[in-house]
Amino acid sequence: MSKVSADTLKSLASTQDLTIGTTGQTVTLPGNELRVNTFKDKGGNTLWTSDGSGNLSNVHSGLKGNLVLLNTTTASGAANVTFGSSLITSTYDLYIFRFTNINPETDNTQLWFQGTIDGGSNYNVTMTTTAWMAYHNESGAGTEGLQYLAGSDQGQGTAFQKLSGDIGNGADESTSGELHLFTPSSTTYVKQFYNRTQELGAGNQAGDLHYAGYFNTTSAINGIQFKMSTGNLDGIFKLYGLS
């Protein structure tokens, strides 16, 4: 078996393809690795680029899938987290907000959200909602249950909607969850949404909370804001679009 050792292997002309092996042959790479930072097809189209540390950019749309990360906001002592009209558009049929380890500054407070139809001048869109939860306390048997949350719903209300129960402000207390908002740009239909949240409540209980409803407007929703019922918050918010 012959071997060729070289620092650079290139074709005779810059416009000529370099062929390694022929049809039917197997080309073996030592260690089974091919290391490149930019991967292109035969037509010169970039499929993806790496920075050499595993972080990808310039990923071709055909490889991304339908769920697209639009924004990441890391809040630290923030009064609110807002996703404005540059993000909430007609581009996607479904917007998904994922919030992770939301820790309030003030004890016994809830995570809230509301929408706007005027670009953020007001967050007071009329909504009708429903809410229920399952829970279990750290103390064990006899402290579990399933209940409707009558004080957490709205009937044609314009207030901020709860997305959690009472969260403690201890270092180990927080809530995480996901809010789905459907076709916010529609000017024909109301805007449906649902949310599921898991929390470590202020009463040392695991809470699985479900909220759902609709913005009762045919105007486009062009912004969403999250905040605590009282005080500031820490945590990570991510916005995805699903076409």
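A quick note: this is a predicted structure, and the numbers were derived from the prediction, not measured.
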* Asked: Hey, are the side chains of Thr116 and Asn222 touching, using non-hydrogen atoms and a 4.5 Å cut-off?
  -> yes
* Asked: In terms of side-chain heavy atoms, does Thr109 have a donor or acceptor partner in Asp107 at a distance below 3.5 Å?
  -> no
* To do: Side-chain contact test, heavy atoms from C-beta onward, threshold under 4.5 Å: evaluate it for Asn169 versus Ile167 and give yes or no.
  => no
* Please check if Tyr123 and Val81 belong to a single hydrophobic cluster, counting links between Ile, Leu, Val, Met, Phe, Trp and Tyr side chain heavy atoms closer than 4.5 Å. => no
* side-chain hydrogen bond (donor to acceptor under 3.5 Å, both in side chains) with Thr129: which residues, sequence neighbours excluded? -> Gln161
* To do: Would you confirm whether Asn122, through its side chain, and Asn124, through its main-chain N or O, come within 3.5 Å as a donor-acceptor pair?
  => no
* Asked: Side chains of Gln198 and Ser176: donor-acceptor distance under 3.5 Å anywhere?
  -> no
* Side chain proximity check, Thr175 to Leu163, heavy atoms < 4.5 angstrom -> no
* What do the steps show when you test Thr46 against Thr38 for side chain to side chain contact (heavy atoms under 4.5 Å, CB included), and what is the final call? -> CA-CA 7 Å; Thr46 298; Thr38 299; 4.0 Å; yes
* Rounded to the nearest 0.5 Å, how far apart are OG of Ser164 and CZ of Phe99? -> 7.5 Å
* Structure fact -> So CD of Gln147 and CG of Leu149: to nearest 0.5 Å the spacing works out to 5.5 Å
* Tell me, do Thr158 and Val125 make a side-chain contact under 4.5 Å, heavy atoms counted? -> no
* **Flag, side chain of Asn103 to backbone of Gly235, donor-acceptor distance under 3.5 Å** => no
* Check: Tyr211/Asp153 side-chain N/O donor and acceptor closer than 3.5 Å -> no
* Looking at Met127 and Ala159, what are the two nearest heavy atoms and their distance? -> CE-O, 4.1 Å
* Could you tell me whether the side chain of Lys227 reaches within less than 4.5 Å of the side chain of Gln114, counting heavy atoms only? => no
* Got a sec, which residues hit side-chain hydrogen bond (donor to acceptor under 3.5 Å, both in side chains) with Tyr214, two or more places apart in sequence or on another chain? -> none
* Should Asn71 and Tyr240 count as side-chain neighbours, where that means a heavy-atom distance under 4.5 Å? -> no
* Asked: If we only count heavy atoms from C-beta on, is the Asn204 to Glu173 side-chain gap below 4.5 Å?
  -> yes
* Asked: In Å, rounded to the nearest 0.5 Å, how long is the span from CG of Leu233 to CE of Met228?
  -> 6.0 Å
* Counterpart residues, side-chain contact (heavy atoms from CB on, under 4.5 Å), relative to His136 (two or more places apart) -> Thr143, Glu144
* To do: Check side-chain contact (heavy atoms from CB on, under 4.5 Å) between Ser186 and all other residues, then give those that pass, not counting sequence neighbours.
  => Thr183, Thr188, Tyr189, Lys191
* Asked: Can you check whether Phe237 and Phe226 have ring centres sitting under 6.0 Å from each other?
  -> yes
* Inter-residue atom distance Thr106.OG1 - Asn232.CG, 0.5 Å rounding -> 7.5 Å
* To do: For Thr187 and Ala220, work out which heavy atoms get closest and say how close.
  => CG2-N, 4.3 Å
* Does the Thr82 side chain pair with the main chain of Gly84, one donor and one acceptor, at a distance under 3.5 Å? -> no
* Flag for Asp166-Gln110: side-chain donor and acceptor within less than 3.5 Å -> yes
* Determine whether Leu209 and Tyr148 fall in the same hydrophobic cluster, where Ile, Leu, Val, Met, Phe, Trp and Tyr are linked whenever their side-chain heavy atoms lie under 4.5 Å apart. => no
* For Gln205, check side-chain contact (heavy atoms from CB on, under 4.5 Å) against everything at least two apart and list the hits. => Met133, Tyr135, Asn137
* Cluster link Tyr194 to Trp132, ILVMFWY, side chain under 4.5 Å -> no
* Asked: Any side-chain donor-acceptor pair under 3.5 Å between Asn216 and Gln156?
  -> yes
* Asked: Quick one: salt bridge (Lys or Arg N to Asp or Glu O under 4.0 Å) pairs with a partner in residues 194-220, sequence neighbours left out?
  -> Arg196-Asp208
* To do: Verify whether one side chain among Tyr95 and Ser185 offers a donor that lies under 3.5 Å from an acceptor in the other.
  => no
* Could you grab the distance from atom CD1 of Ile88 to atom CD1 of Ile221, nearest 0.5 Å is fine? => 10.0 Å
* Asked: What do you reckon, is CZ of Phe39 surrounded by more than 12 foreign heavy atoms closer than 6.0 Å?
  -> no
* To do: Check the hydrophobic clustering (I, L, V, M, F, W, Y; side-chain heavy atoms under 4.5 Å; chains of links allowed) and say if Leu70 and Ile224 are grouped together.
  => yes
* Single-linkage hydrophobic cluster Leu111~Phe160, side-chain heavy atoms < 4.5 angstrom -> no
* **Aromatic contact, Phe97 with Phe83 (centres under 6.0 Å)** => yes
* To do: Report yes or no: do Asn195 and Thr197 form a side-chain donor-acceptor pair below 3.5 Å?
  => yes
* Distance from Thr126 atom OG1 to Phe215 atom CZ, nearest 0.5 Å? -> 10.0 Å
* Asn66 (side chain) donor-acceptor with Leu242 (main chain) under 3.5 angstrom -> no
